[in-house]
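Per chain, numbering begins at 1; letters A, B, ... match sequence-line order.
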2 protein chains.
Amino acid sequence: MADTEIPAPPWQRLPDRGSRRRREPISREAIVAAAIKLLDSEGLAALSMRRLAEELGTGAASLYWHVGSKDGLLDLVLDQIIGEGRIPDPDPPRWQEQLKEVAREHRRVSLLHPYVVRISLGRIPMGPNALRYSERVLAILRAGGLPPRLAVQGYLLLMSTVNGFTVDETGVDDEPAGDHRADDAAGRQEAANMARDYIASLPAGSFPTMTGLADEFAFSDADERFDLLIDIFADGLARHAQGGSTTVRS
Amino acid sequence: MADTEIPAPPWQRLPDRGSRRRREPISREAIVAAAIKLLDSEGLAALSMRRLAEELGTGAASLYWHVGSKDGLLDLVLDQIIGEGRIPDPDPPRWQEQLKEVAREHRRVSLLHPYVVRISLGRIPMGPNALRYSERVLAILRAGGLPPRLAVQGYLLLMSTVNGFTVDETGVDDEPAGDHRADDAAGRQEAANMARDYIASLPAGSFPTMTGLADEFAFSDADERFDLLIDIFADGLARHAQGGSTTVRS
DNA sequence: ACCTGAACACCGTTCAAGT
DNA sequence: ACCTGAACACCGTTCAAGT
C-alpha cells in the first residue's frame, strides 16, 4: 500500500509534491477513494472532475493540485484496484494451474469494477501495486521453468488476452457493478436471444454457416467461454515452453 | 457494400428512413466517409459531431437526421472498416493456418485505423459487413471440423484475443495512423527502454524477478509477440478440438 | 423530406487571486 | 502549501422553426 520506497516512473502524469497530510477534506488518497466509490456506484460516465469535486465538497479546480489531471487520477485508480488482486506464491509443478488462477483472479477483480478494463486501455500500469503484481506473476512463470523472454511475453499476452475477454463481457452496459447478477444475466441472455433470432432470420443462401449456428449464439455462458480461453492459453503456452510449436495434426 | 437485402438488427442505433439519394452535401454514406477520413487523419479525439459537421459544411444538428446519434455513426464506421477485411475461402486441411491468416488480417486492418479497436469495445458488430465477415470466418472453422459450439466460441475468443492485443498496441497514442512507422517504432522503442531502465532501478530485494527480467521488457517486438499469440491460440484450439484438453506435462 | 440556429446541460483545464 | 471562482474552449443532443 505504501508507495514510499518506490519512486514513481518518469512518465507518470502526476505532480510530485512533498507531504500531503491534512485535516480531512481532500488528499490524494481521499480523492482516489471517492473516485472509486463514485465509479462503483454510478459507472465510468458519471466520473467527471466537477462531479467528483462536488462529492468531496469542493470545486473541480481544487482537485488539480492533488492529482494533476483526470488522467493522473485514473492512473491512481487503476493502481489501487490492481492492488486488490491476490497472487499465490509460486508452486513450480503447479505453474499452469497457477497461471489459470491468476487469469481468474484478474477477471474477478475486473468484474467487481466493470469500468476498470476500459480505464486500463492504453495505460501501462506501472504504479507500486502494479509492479508488485507483475513481480508475483512473473515469479510463478519463472518458477515453472519458462525462459526469460517467454515468461515476459507470456505474461503480457495473458494480461491482454484476459482484458480482451472482460472488455467484451463488461462492454455494452456502463452501469455500476451491483449485486444484481440476476438482472445482468437475464439481460445478457435476452440480448443473446435477440442475436440468435436475428441471425436465424438471415437469408440462408448468403449465410449458410451463420444460420446453421444461430442456436450457438444464444448460448452465451461467459464462465464456460472463459474457462475455454484459459485452457487454450495455458496449454498453448506450455507447449511452446517445451519447444512444441508443431501444428497439431488435423 | 449494399446493405439493402439485410434488414438492420433491432438494437441498431439508427433512425430508419426511406430513400437517401440527394445531390451532394450530406448523406449517410458521405457522413461515414468523412468521419473515417477525419479519424484516419486526426484520431479518435478529433471526432466530434460539431467538427464533423464543419468538415461537411453544415451544422451539427443536420447530422442527426442521418445517423441518429454519435453512437449510431460509430456503428456505421465500425461496419465500414470491418468490410475492409479479406477472408479466404475455406481450405479444410489448412484451417489452422487460415485461422492465423484471419487473425493477421484483423490486426492489419486494426493498425490501419488505430482508433477502430476502441470504437469496437462494447459494440457487438452486427452490420452487414460484420455479418459477412463472421459467415466467412465461421465457414473456415466448420470446414476444419470444429463442432458447432467450439466453432462459435473459438471465433468469439479469437476476436476478443486479437482485439485485446491490438488495443495495447495502439493504446497510448491517439495519433492518426500515418506512414511514419519509423517514428512510431522509435517512440515505442524509447518507451520500452524507459520501462527497462525504471524496472532495473527497482530495489532488487523486493523485485528479484522483475529486476532480473528488465532487459526483456526493452525487447518489445509486437510482430513477434503477435505471432506467439496466434501460435498459442491456434495450437490450443486445435488440441481442444481433438478432445485433448489434458494438461501438458511439465 | 430534409436542414437550421439557438439553446440546454454538460465537459477538462487554466489562472489570477486569495489564505 | 493549499484552495477558490470565474473563465476558456469545448462537448452531445434537442427542438421549434423553416423550406
*Whole-Å gap separating P (C/dA1) and CD1 (B/Ile26)*: 16 Å

*Validate the cation-pi geometry between A/Arg107 and A/Phe226: distance from NZ or CZ to the six-membered ring centre under 6.0 Å, angle to the ring axis within 45°.*
yes

_A/Lys70 side-chain proximity, nearest of D/dT4, C/dT13, C/dC8_ = C/dT13

*Write down the partner of D/dC15 under the Watson-Crick or G-U wobble criteria, each distance required to be under 3.5 Å.*
C/dG5

*Interatomic distance at C1', D/dC11 relative to C/dA7, whole Å*: 14 Å

_Euclidean distance, atom CZ of residue B/Arg51 to atom P of D/dA9 [Å, nearest integer]_ = 17 Å

*Which nucleotide in the list C/dT13, C/dC15, D/dC11 gets nearest to the side chain of A/Ala61?*
C/dC15

*asked:* One thing to verify: whether A/Arg132 and A/Glu135 come together as a salt bridge, which I'm taking to mean a side-chain N less than 4.0 angstrom from a carboxylate O.
replied: no

_With a 4.0 Å cutoff (strictly under), does any side-chain N or O of A/Thr58 reach OP1 or OP2 of D/dC3?_
no

*Of all heavy-atom pairs between A/Ser48 and A/Lys70, which one has the smallest distance, and what is that distance?*
CA-NZ, 4.4 Å

_Just so I know, are the side chains of A/Leu78 and A/Asn129 near enough to count as touching, which here means a heavy-atom distance under 4.5 Å?_
no

*Go ahead and name the base partner of C/dC10; Watson-Crick or wobble counts if both distances stay under 3.5 Å, otherwise write none.*
none

*Starting from P on C/dC2, measure out to CG on B/Leu56 and report it in whole angstrom.*
16 Å

_Closest approach to the side chain of A/Trp65, judged atom by atom: which nucleotide of D/dA1, D/dT14, C/dG12 is it?_
D/dA1

*asked:* With a cut-off of less than 4.0 Å, is there a side-chain N or O of B/His66 near OP1 or OP2 of C/dC3?
replied: yes

*CG of A/Asp71 versus P of C/dC11: gap in Å, rounded?*
17 Å

*Return the nearest nucleotide to the side chain of B/Tyr64; candidates are C/dC11, D/dT14, C/dC8.*
D/dT14

*Expressed in angstrom and rounded to an integer, what is the separation of B/Leu73 atom CG from D/dT13 atom C1'?*
14 Å

*When rounded to the nearest Å, what value does the distance between P atoms of D/dA9 and C/dC10 take?*
22 Å

*Specify the separation, in whole Å, of atom CG of B/Leu52 and atom P of D/dC11.*
11 Å

*So does A/Glu42 pair up with A/Arg51, basic N to acidic O under 4.0 Å?*
yes

*Looking at B/Ala214 and B/Ile199, what are the two nearest heavy atoms and their distance?*
CB-CG2, 3.9 Å

*Taking the same atom, C1', in C/dC3 and in D/dA16, what whole-Å distance lies between them?*
13 Å

*Measure the distance from CE on A/Met49 to P on D/dC10 and round it to the nearest whole Å.*
20 Å

_For the P atoms, the ones on D/dC2 and on C/dA17, what distance do you get once it is rounded to whole angstrom?_
22 Å

*Whole-Å distance separating the CZ atom of A/Arg50 from the P atom of D/dA6*: 13 Å

*Closest to side chain of A/Ala60, choosing from C/dT13, C/dT4, D/dC11*: C/dT13

_Let's see if you can work this out: which of C/dG12, D/dC11, D/dC3 has an atom nearest to the side-chain heavy atoms of A/Ser48?_
C/dG12

